[in-house]
Amino acid sequence: MLPFADWLPRQRWYAGRHRRIQAVRPEAVTALPGMDHMLLLVSYEDGGSDRYQVFVRWGDPQPPAAERATGARIGEAETDGSTRVGFDALYDESAAREILALIADDKTFGTVRFAAEPGVTLPVDAPARVGNVEQSNTSVVFDHAAVMKLFRRVPPGLNPDLELNRVLARAGSRHVARLMGAIESTDPNGQPLTLGMVSEYAQNSAEGWAMAATSARDLLNDPDTHADQVGGDLAGESFRLGEAVASVHRTLADELGVTTGRIAVDVMCDRLDEAAGTVPELAPYKERAETALRAAGEVEIDLQRVHGDLHLGQVLRTPPGWLVIDFEGEPGQPVEERRRPDSPLRDVAGMLRSFEYAAYQVLVGRDDGDDAKLNERAREWIDRNQIAFCEGYAEVAGYDPRDRGMALRAYELDKALYEVAYEAKYRPAWMRIPLKSVDRLLR
Ligand SMILES: Nc1ncnc2c1ncn2[C@@H]1O[C@H](COP(=O)(O)OP(=O)(O)O)[C@@H](O)[C@H]1O
Ligand SMILES: O=P(O)(O)O[C@H]1O[C@H](CO)[C@@H](O[C@H]2O[C@H](CO)[C@@H](O)[C@H](O)[C@H]2O)[C@H](O)[C@H]1O
């Protein structure tokens with residue numbers, strides 16, 4: 001057995017760093033041509049467990065330096081009296097291409113199914129490299145033609161990223177990176193497991209966050225000009241982004257249906273309790289926040305499948321238009337929770353929050369960060385882009401999200417409260433951004 005208990009905590013995507021591992025055992029090992037596919041069950045001393053996925057390539061005991069450097073070397077295992085070294089196969093270009101070829105050829109090994117989308121040709125001969133942005137998953141880019149995302153933590157249930165991308169691609173949406181193939185399996189209880197997906201690579205794309213942050217920074221570096229006067233004005237793009245998000249919502253509604261129901265305010269209130277329990281700065285807002293959330297839960301609204309964790313970091317501007325990516329939903333929530341129909345206003349609120357972030361983060365840590373004129377300019381930039389986004393959204397959706405004020409405000413508040421807790425944990429210097437918003441939303 002490879003020393004996974006030592007190796008896993010050193011991986012960037014490993015989510016159990018704050019917990020103590022009790023044991024790691026292979027749940028399923030599937031022999032593939034040239035490598036093994038492993039599902040590992042990590043049990044923690046606190047009684048919980050997680051399932052992780054690793055493709056293991058076996059090499060000789062002297063790995064090349066490049067592989068050592070990436071942390072791809074898992075360690076040694078004794079098999080039948082001989083020692084073998086196991087590597088994370090995704091860092092081996094030929095192994096990554098072999099995995100893509102298994103998808104292209106629609107192969108199945110045991111319970112692991114590799115399948116290409118109908119009519120798609122995969123770039124099986126393209127050079128492959130692991131993408132630079134590695135967070136909770138690992139992506140291999142095939143020469144600007146395709147990107148293969150392998151989920152590292154694999155909870156039971158169909159991952160909404162695959163599910164919704166499949167629906168949107170098959171419906172011909174122009175606002176997603178077209179799905180090209182997938183790797184799926186089934187757990188011992190018969191639950192679906194989503195292991196990976198391949199999408200068309202968006203060439204010459206720019207991340208919405210980078211564009212917005214640049215536009216806001218340019219403006220705030222020259223506070224005597226107004227948002228509509230600077231060269232980097234984003235309003236036109238924000239309008240088109242609103243259209244793109246509304247178009248994705250419409251396709252999801254057409255394909256998967258719409259129901260009516262109430263906003264799940266109990267979940268929001270639980271989140272409020274949790275956030276207020278860990279961040280003392282939220283105490284003065286708790287009662288008012290709960291009242292605002294509960295009030296929004298009293299009316300019936302349209303519910304459908306949505307993105308669930310939309311922000312400017314989840315949209316790519318390509319020459320033909322905006323793409324929405326990463327439909328995984330909020331990573332901390334169980335899969336079934338993430339697949340529950342919700343209001344499109346959740347996604348709209350996520351984008352509106354993101355415009356606030358893009359402007360106010362420029363001022364974080366600056367000596368003049370509290371300067372009234374700068375803050376006024378930042379607000380102008382935010383208003384201008386939020387309005388443009390909502391107008392673009394209205395153009396396609398047929399209604400302006402701002403006309404659903406109470407529900408929209410509840411989603412903005414819910415997201416801002418989530419952000420306060422998120423920032424307190426990961427980026428304390430940024431916590432003032434959502435805190436200020438909580439204050440504004442409850443005034
Ligand atoms: N189809 C694509 N084309 C080009 N770049 C992409 C594509 N999909 C993702 N990316 C890049 O990879 C990053 C991470 O992708 P994402 O799907 O959000 O993965 P994760 O779930 O690991 O966060 C994105 O921010 C984007 O920069
Ligand atoms: O990593 P995910 O895409 O799942 O999202 C999480 O991390 C995001 C931070 O990167 C966080 O987003 C917050 O910061 C963004 C700027 O970095 C900003 O655009 C978002 O509006 C703000 O919410 C997101 O909330 C969190 O789920």
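In this chain, numbering begins with 1 at the start of the sequence shown. We count ligands from 1, going down the list as the structure has it; atoms in each ligand are counted the same way.
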Indicate yes or no: at least one non-hydrogen side-chain atom of [X] is less than 4.5 angstrom from one of [Y].
X	Y	answer
N221	R217	yes
E290	L293	no
W7	L2	no

Between ligand 1 and [X], is the shortest N or O to N or O distance under 3.5 Å?
X	result
S205	no
A202	yes
S139	no

Just jot down the ligand 1 atoms closer than 4.0 angstrom to any heavy atom of [X], in number order.
X	answer
V147	1 (N), 2 (C), 7 (C)
E328	21 (O)
E207	25 (O), 27 (O)

Please list the nearest protein heavy atom to [atom] with its residue and the distance rounded to 0.1 Å.
atom	value
atom 1 (O) of ligand 2	Q135 OE1, 4.0 Å
atom 23 (O) of ligand 2	E419 OE2, 2.5 Å
atom 27 (O) of ligand 2	Y418 OH, 2.8 Å
atom 8 (C) of ligand 2	Y422 OH, 3.7 Å
atom 14 (O) of ligand 2	R427 NH2, 2.9 Å
atom 3 (O) of ligand 2	H311 NE2, 2.9 Å
atom 2 (P) of ligand 2	D309 OD2, 3.6 Å
atom 19 (O) of ligand 2	S354 OG, 2.6 Å

Q) If you measure from atom 23 (O) of ligand 1 to every heavy atom of D326, N137, D161, which option wins on shortest distance? A) D326
Q. Between the side chains of N159 and K149, does any donor sit under 3.5 Å from an acceptor?
A. no
**Q.** Mode of E200 contact toward ligand 1 - side chain, backbone, both, neither (heavy atoms, under 4.0 Å)
**A.**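 E200 to ligand 1: backbone contact only, side chain stays beyond 4.0 Å.
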(Q) With heavy-atom distances below 4.0 Å as the criterion, list the atoms of ligand 2 near K415. (A) 23 (O), 24 (C), 25 (O)
Q: Under 4.0 Å from a heavy atom of Q314: give me the atoms of ligand 2 that qualify, with their elements.
A: 3 (O)
Salt bridge or not between [X] and [Y]? Use side-chain N to carboxylate O under 4.0 Å.
X	Y	result
E117	R166	yes
R305	E163	yes
K373	D371	no

Q: Could you tell me if any non-hydrogen atom of Q314 lies under 4.0 Å from any atom of ligand 1?
A: yes
